[in-house]
Amino acid sequence: MILCCGEALIDMLPRQTADGETAFLPVSGGAVFNTAIALGRLGAPTGFFSGLSIDLFGEQLCRSLEESGVDYSMAARTDRPTTLAFVTLKDGQAGYNFYDENTAGRMLDERASPDLESMLVEALFFGGISLINEPAARTYEAFMLSAANRVPVMLDPNIRANFIGDEPAYRARIERMIAASTILKVSDEDLAWLMGSGDPHDIARRLLQNGPAMIIVTRGAEGAFAITQSARTALPAQRVKVVDTVGAGDTFNAGVLCALHEAGNLSREVIEALSDEEIAECLRLGIEAAAITVTRAGANPPRRDELAV
């Protein structure tokens, strides 16, 4: 099982009524949730750990997980409300305003962390806004650091700078988690926020010295590249008509993890030694899955039989 650990929320997507009035459509979402959904649809055995509400939105999230074959039995269910993210779209690019105070996800406690000893987990995935605010951020970090020496970990910070209240604390946490990760995936915008401006390849090479076995950088329409100590591979993006980019990076993450799972390559030692072609296969599945997602409104990842790879 690939266990995805992080936020689940409701994306309130902008719509227009028949009378032309502005409205919002509640859609299941959240960066880590989206990755779990995409993994499940791609056919990888997937679990989900988060704080989930028992309110109507929490029930909606659970139905979405069930429909995609994701096991959420590890989630902590509470009567706190579900996090809401109101989405704005400009030229197909998504912006977010979060409502997260005292929610089921944000208030996740360390005592709720699953016991890996009793679970068949082959990899862990962390990221998103769940790494920003306490106590959930502390819970996820502690769980990751306790597990990183046993199973490979993929980290995608998916940085939302406007949501970060205590930037020094957040940067320190992300640095610790990067050092413990096996795979670090960042967008070029995330990379610049973390490390400053410069050539993304040079910055990624410097960041590789901080602990990860592989760093993957996505560059929107320019595709993605990945580096390890011995390999460097880049693939172009697929040309498609973009409806919006909601869930694109999350789906890409799922494609990479699914490719590693299918090839039996989910271990740090193997990932460190992957050839250029093996890395290209991971990027290829991520790029194709993400390319389908951006042609659809909201985060709606494809199923495995929709892909050519």
Side-chain angles (χ1 to χ4, degrees), residues 1-13 15 24-79 81-85 87 94 103-105 108 114 119-130 154 156 158 243-259 261-262 285-286 288-309:
M1 173 190 291
I2 300 171
L3 183 60
C4 298
C5 310
E7 80 272 12
L9 52 82
I10 297 295
D11 282 323
M12 303 298 284
L13 300 182
R15 295 290 185 268
F24 287 89
L25 176 69
V27 176
S28 300
V32 178
F33 176 92
N34 291 339
T35 294
I37 292 291
L39 270 168
R41 292 185 183 182
L42 290 174
T46 308
F48 184 65
F49 168 56
S50 184
L52 291 176
S53 177
I54 60 173
D55 66 12
L56 76 165
F57 290 134
E59 291 301 317
Q60 176 180 326
L61 291 165
C62 290
R63 286 194 301 272
S64 298
L65 291 164
E66 289 173 0
E67 290 166 0
S68 295
V70 178
D71 179 0
Y72 62 92
S73 61
M74 291 76 71
R77 304 297 305 275
T78 76
D79 59 2
T82 298
T83 299
L84 303 180
V87 180
T103 60
L108 184 68
M119 303 165 61
L120 296 176
V121 173
E122 59 178 328
L124 294 168
F125 175 81
F126 293 85
I129 66 166
S130 54
M154 183 174 182
D156 176 9
N158 197 14
V243 173
D244 67 49
T245 61
V246 178
D250 311 323
T251 304
F252 175 88
N253 295 335
V256 170
L257 284 169
C258 184
H261 161 74
E262 290 178 349
L285 184 56
E288 183 172 349
I292 294 175
T293 299
V294 301
T295 65
R296 303 168 172 176
N300 185 9
R303 297 191 180 274
R304 194 67 173 87
D305 58 9
E306 297 179 71
L307 279 69
V309 175

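Throughout, numbering of the chain's residues begins at 1 and tracks the sequence.
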Look only at the side chain of Glu262 and the backbone of Ala259, and say whether a donor-acceptor pair between them is shorter than 3.5 Å. no
Does some side-chain heavy atom of Asp250 sit less than 4.5 Å from a side-chain heavy atom of Asn158? yes
side-chain contact (heavy atoms from CB on, under 4.5 Å) with Ser28: of Arg63, Glu67, Gln60, only one passes, and it is Gln60
For Leu39 against Cys258, the heavy-atom pair lying closest together: CD2-N, 3.9 Å
Any donor-acceptor pair under 3.5 Å linking the side chain of Ser50 with the backbone of Ala75? no
Closest non-hydrogen atom pair, Glu122 against Pro45: OE2-CG, 4.2 Å
How close do Leu52 and Ala8 get, counting heavy atoms only, and between which atoms? CD2-CB, 3.7 Å
Side-chain heavy atoms of Asp156 within contact of Phe125, under 4.5 Å: yes
Within a strict 4.5 Å, meaning less than it, do heavy atoms of the Met154 and Leu257 side chains meet? yes
Keeping Asp55 on the side-chain end and Thr82 on the backbone end, is there a donor-acceptor pair under 3.5 Å? yes
With a sphere of 6.0 Å drawn around CG of Leu120, does it hold more than 12 non-hydrogen atoms of other residues, nucleotides or ligands? no
Go through Thr293 and Asn34 one step at a time and tell me if the side chain to side chain contact (heavy atoms under 4.5 Å, CB included) criterion holds. CA-CA 11 Å; Thr293 299; Asn34 291 339; over 6 Å; no
Please determine which of Thr251, Asn300, Thr46 meets the side chain to side chain donor-acceptor pair (under 3.5 Å) test together with Arg41. Asn300
Of all the heavy-atom pairs spanning Arg303 and Leu307, show the shortest one and how long it is. O-CD1, 3.4 Å
If you take all heavy atoms of Ser130 and Gly6, which pair is closest and at what distance? OG-CA, 3.5 Å
Decide yes or no for Phe24 and Val87: does some side-chain heavy atom of the first lie under 4.5 Å from some side-chain heavy atom of the second? no
Hey, does the side chain of Arg77 reach the backbone of Ser53 with a donor-acceptor pair shorter than 3.5 angstrom? yes
Side-chain donor or acceptor of Asp11 paired with backbone N/O of Leu13 under 3.5 Å: no
